[in-house]
Amino acid sequence: MTVGANTAPASPASSAFVAFEEITKTFGATRALRGVSFEIRPGETVGLLGANGAGKSTLIKTLSGIHPPTSGRIIIEGEEKDFRFPVDARNAGIATVHQNIDDGVVFGMTVAENLLLDEIATSQSSFFIRNRTIVERAREVQEKLDLDLPLNSLIQDLPASGRQEVAIAREISKNPKLLILDEPTSTLSKREAEKLFLAVEEFQRRGITILFISHSMSEVERLCDRAVVLRDGMIVSEHEKPLDSTAIAGSILGELVLASKHEARPGKEVVIEAKGLRAFPESPPVSVEIRRGEILGLTGLIGAGKTELLEQICGHRPLLSGTLSIEGEEYNPKDVSDAMKKGVVMVPEQRALQSMFPNEPLWKHSTIGLAEDFSRSGFMLRRREIAFTEDVIRDFQVKAPGPLAEIEELSGGNQQKLLVGRWLSRGWKLLVLDEPFRGIDIGARGLISSALRQYSEKYPVIVCSSDPEEVIEVADRALIMVEADIVHEDNSANLTAETLAQIMGQGREAQTTRNVA
C-alpha cells in the first residue's frame with residue numbers, strides 16, 4: 001500500500017497508540033517537518049525511513065520531548081500530549097535511543113552508573129547510593145539482557161559499540177510502552193546486532209510498540225510490520241508487509257541515483273609502504289602497500305584491529321612496531337599535525353566525538369586543519385573560508401541553511417558529507433576514511449563513493465568499513481583483518497560481500513591468501 005503525503009489526520013478516538021496530526025517543525029527559515037500525519041498501532045513495529053535530512057530525527061525528537069512541534073498534535077493512547085522535556089515523554093512510557101551514540105551516555109561515569117542513570121538522577125537519596133549498590137543493580141540489568149560489559153570501567157573507555165550497547169540496554173530495561181530506536185545498529189558488530197534483534201523480537205512478542213529508524217532494508221524487512229517513508233519533511237509513502245525494498249528505495253531517493261557498479265582498477269606506483277606494523281602489542285605484524293590510483297578497502301569485524309592500525313599510519317597513536325615510508329622516505333608521524341604536514345589525513349570513525357565542535361558553524365568545520373589555505377600574513381580570510389564552505393555544501397549536496405549554520409543543525413549524513421567533502425579540496429599523499437558510510441542513507445553513500453573514486457584516480461585512498469557490501473561498492477582492492485591479522489587480499493572484482501563476510505567470520509587459522517595479480 002502506498003499513501004500520499006496528504007493522508008487524513010488520525011482521530012483522537014482512533015485505536016492508534018501514537019497518532020501524529022499535521023506535525024510541522026521549523027528552525028528559523030528551515031521547515032524540517034511539513035504536515036506529517038500517520039499512526040502507530042498498539043504492538044506494531046513501524047520502520048521510519050528516509051534519506052539523511054528527510055526529517056526522521058526531528059520527528060522522533062518531537063515525540064521524545066526534545067523539540068516540541070511548531071504546530072500539529074501528538075496523540076498518545078487517545079490523549080493529546082504536549083511534551084516539553086524528555087522526562088515528560090519518559091513518564092508517558094516512551095523510551096528513546098538516539099542516533100548520536102554519546103547523547104545517550106555521560107562521560108566521567110562508570111558503565112554501571114550509566115546503566116542506572118535515570119534511577120540515580122531521580123532518586124532523592126542518590127548522593128548516598130553506594131557504588132556497591134549501583135554495581136549490584138547494574139549486574140541485574142546485565143544478566144537480564146545478556147550483556148558482556150565491564151561495569152566498573154569508565155564509559156569513555158568503551159569503544160563506540162560498547163557505549164551504544166549501554167544506551168540501548170538502559171532504555172530496554174525500563175520496559176517501555178513505546179521504544180524508539182534511531183539507527184541502533186550503526187556501531188554494533190553482527191553479533192551485537194543479532195542480540196539486539198532478538199531483544200526487539202522478544203519485545204514484539206510481549207506487545208511492545210516500536211518505532212524503528214534504519215537505513216538497512218534487511219533490518220526493516222526482518223523487524224517491521226509496516227514502513228513509513230519521509231522525504232523533505234513529508235510522508236511520501238506507507239508500505240505494508242510484505243515490504244517491497246525496491247519500491248521503498250524509490251520513495252526514499254526520489255530523483256537521486258545510486259552509484260553504478262565500478263570496475264576494479266589496478267593500482268599504480270606504491271606511495272606508502274607499511275612493514276611489520278602491529279594493531280595491538282601482542283598481535284602479529286602486518287605489511288601493506290598503498291598505491292596511487294586505487295581505493296584500498298579494509299574490512300573485518302569490530303575489534304579486528306582496523307582502526308588501531310590506521311590510526312598509527314595517520315599519527316593518532318604511536319607505532320607499536322615496524323616502519324612506514326612515503327615515496328621511499330622514512331615516515332614516522334609524531335602526531336596528527338605531523339602526519340598532515342607530510343600529507344596524510346584521516347576522517348575518523350566517531351564524527352561527533354572526534355571531528356565536531358559543539359555550537360560552531362559549518363565554515364569552521366570545513367576549514368579547520370587547512371589554515372594555510374585560508375590565511376595571509378597570519379590573518380584568516382573569513383570570506384574565503386565561507387566561500388569554500390559554500391562550494392562543499394553545493395558539490396556534496398549538503399542539506400544545510402548555509403555556512404553560518406551550526407553543525408548540530410544538520411542530520412548525521414549531511415554532517416558526514418561536509419566532513420568528507422572538505423578533505424577532497426586538495427591532493428593528499430593518503431586519505432583515510434574510517435567507517436565513512438555509517439549512519440548515512442544510500443543516496444549519500446552513492447554520492448560519497450562516486451566522489452572518492454574520482455579523487456582516487458590521482459591520490460591513494462583507504463576506506464575502512466565493517467560492512468562488506470560497502471567495501472565491495474567502493475574499493476578496487478580489499479584487505480580482510482581477522483584478530484588483528486591481514487588474512488586475505490584480493491581485487492574487489494574477484495570478491496562478493498558474502499565471500500568477505502564468510503572470511504571475516506573465520507578465525508586466524510583460515511588460510512592466508514593474497515591474490516592481486
Exercise for review: Quick one: pull up CD in Glu311 and CD in Glu349 and give me the separation to the nearest 0.5 Å.
Suggested key: 8.5 Å
Exercise for review: Just do the side-chain contact (heavy atoms from CB on, under 4.5 Å) check on Arg453 and Asp476 with the steps written out, would you?
Suggested key: CA-CA 9 Å; Arg453 290 198 60 76; Asp476 298 293; 3.0 Å; yes
Review point. Rounded to the nearest 0.5 Å, what separation is found between the CD1 atom of Ile208 and the OG1 atom of Thr45?
Key: 10.0 Å
Practice item. Flag yes if more than 12 heavy atoms outside Phe85 fall under 6.0 Å of its CZ atom; otherwise flag no. Key: no
**Study point:** Rounded distance [0.5 Å steps], CG in Leu115 versus CZ in Arg139
**Key:** 11.5 Å
Point to revise | Sidechain-backbone polar pair: Glu409 side chain, Glu406 backbone, donor-acceptor under 3.5 Å | key: yes
Practice item. Apply side-chain contact (heavy atoms from CB on, under 4.5 Å) to Phe38 and Leu59, showing your working. Key: CA-CA 11 Å; Phe38 75 97; Leu59 182 62; 3.7 Å; yes
Check your understanding: SG of Cys464 to CE of Met346: how many Å apart, nearest 0.5 Å?
Key -> 7.0 Å
**Study point:** Lys25 side chain vs Thr62 backbone, donor-acceptor pair below 3.5 Å
**Key:** no
Exercise for review: Report, as yes or no, whether the 6.0 Å neighbourhood of atom CD on Glu469 holds more than 12 heavy atoms from other residues, nucleotides or ligands.
Suggested key: no
Practice item. Would you check if Leu500 and Ile480 make a side-chain contact, meaning some heavy-atom pair closer than 4.5 Å? Key: yes
Practice item. Work out which heavy atom in Ser173 is nearest to a heavy atom in Val141; give both atom names and the distance. Key: CB-CG1, 3.9 Å
Practice item. Write down the atom of Leu151, the atom of Thr110, and the distance for their closest heavy-atom approach. Key: O-CB, 3.6 Å
Exercise for review: For residues Ile213 and Pro184, report the shortest heavy-atom separation together with the two atoms involved.
Suggested key: O-CD, 3.6 Å
Review point. Just by distance, with hydrogens left out, do Thr307 and Asp434 show a side-chain donor and acceptor under 3.5 Å apart?
Key: yes
Point to revise | Residue pair His239 / Asp244, side-chain heavy-atom distance below 4.5 Å | key: no
Point to revise | Between CZ on residue Phe212 and CG on residue Leu48, distance to nearest 0.5 Å | key: 11.0 Å
Review point. Will you find, in the side chains of Asn175 and Arg206, an N or O donor that is under 3.5 Å from an N or O acceptor?
Key: yes
Practice item. Look only at the side chain of Lys56 and the backbone of Gly50, and say whether a donor-acceptor pair between them is shorter than 3.5 Å. Key: yes
Review point. Can you tell if the side chain of Val36 reaches within under 4.5 Å of the side chain of Met234, non-hydrogen atoms only?
Key: no
Review point. Does some side-chain heavy atom of Met356 sit less than 4.5 Å from a side-chain heavy atom of Leu419?
Key: yes
Review point. Would you say Leu410 and Val398 make side-chain contact, with heavy atoms under 4.5 Å?
Key: yes
**Study point:** Test side-chain contact (heavy atoms from CB on, under 4.5 Å) applied to Glu202 and Val200, step by step
**Key:** CA-CA 5 Å; Glu202 174 60 26; Val200 170; over 6 Å; no
Exercise for review: List the atom of Phe83, the atom of Pro68, and the distance in Å for their closest heavy-atom pair.
Suggested key: O-CG, 3.8 Å
Practice item. Quick one: closest heavy-atom pair of Asn414 and Lys399, and the distance? Key: OD1-N, 2.7 Å
Check your understanding: Can you find a pair of side-chain heavy atoms, one from Ser37 and one from Phe20, that are under 4.5 Å apart?
Key -> no
Point to revise | Test: Lys177 and Glu77 ion pair at under 4.0 Å | key: yes
Point to revise | With Pro86 via side chain to side chain contact (heavy atoms under 4.5 Å, CB included) - residues at least two apart | key: Ile66, Arg90
Practice item. For Ala32, enumerate each residue passing the side chain to side chain contact (heavy atoms under 4.5 Å, CB included) test, keeping only those at least two apart in sequence or located in another chain. Key: Phe27, Thr58
Check your understanding: Has the side chain of Arg477 got a donor or acceptor atom that lies under 3.5 Å from a matching backbone atom of Ile295?
Key -> no
Practice item. Applying salt bridge (charged side-chain N to carboxylate O under 4.0 Å, His left out), name anything that partners Asp148, two or more places apart in sequence or on another chain. Key: none
**Study point:** Residues Glu308, Lys306: salt bridge by 4.0 Å N-O rule
**Key:** no
Point to revise | Ser245: partners by side chain to side chain donor-acceptor pair (under 3.5 Å), with sequence neighbours left out | key: none
Check your understanding: Is there side-chain contact between Phe357 and Ile407, with at least one heavy-atom pair below 4.5 Å?
Key -> no
Practice item. Check the side chains of His98 and Thr96 for a donor-acceptor pair under 3.5 angstrom, ignoring hydrogens and angles. Key: no
Review point. Roughly how far, to the nearest 0.5 Å, is CD1 of Ile23 from OG1 of Thr70?
Key: 9.5 Å
Check your understanding: Quick check: does any side chain N or O of Ser449 sit under 3.5 Å from a backbone N or O of Gly446, one acting as donor and the other as acceptor?
Key -> no
Point to revise | Main-chain N/O of Asp490 paired with Asn494 side-chain donor or acceptor, under 3.5 Å | key: no
Review point. Is a salt bridge present between Asp225 and Arg41, judged by a nitrogen-to-oxygen distance below 4.0 Å?
Key: no
**Study point:** Check: Pro436 main-chain N/O paired with Gln416 side-chain donor or acceptor under 3.5 Å
**Key:** yes
Point to revise | Full working for side chain to side chain donor-acceptor pair (under 3.5 Å) between Glu483 and Ser283 | key: CA-CA 8 Å; Glu483 298 175 19; Ser283 61; over 6 Å; no
Review point. What pair of heavy atoms forms the shortest contact from Thr499 to Thr496, and how long is it?
Key: OG1-OG1, 2.9 Å
Exercise for review: Say whether, by atom type as modelled, one donor and one acceptor occur between the side chain of Thr209 and the main chain of Gly43 under 3.5 angstrom.
Suggested key: yes
**Study point:** Criterion side-chain contact (heavy atoms from CB on, under 4.5 Å) on Leu117 and Glu113, from CA distance to verdict
**Key:** CA-CA 6 Å; Leu117 193 59; Glu113 290 168 336; 5.9 Å; no
Exercise for review: Apply side chain to side chain contact (heavy atoms under 4.5 Å, CB included) to Glu201 and list each qualifying residue two or more places apart in sequence or on a separate chain.
Suggested key: Leu198, Gln204, Arg205, Arg222, Leu223
Point to revise | Sub-4.5 Å side-chain heavy-atom contact between Ile155 and Val106 | key: no
Revision key, fill the gap. From the list Glu221, Glu44, Glu39, salt bridge (Lys or Arg N to Asp or Glu O under 4.0 Å) partner of Arg226 resolves to Glu44
Point to revise | For Asp157, all residues meeting side chain to side chain contact (heavy atoms under 4.5 Å, CB included), sequence neighbours excluded | key: Leu154
Exercise for review: Please report the C-alpha distance between Asp182 and Ser57 in whole Å, then the side-chain angles of each, then the deciding distance to 0.1 Å, and finally whether the side chain to side chain donor-acceptor pair (under 3.5 Å) criterion is met.
Suggested key: CA-CA 8 Å; Asp182 188 2; Ser57 292; 3.2 Å; yes
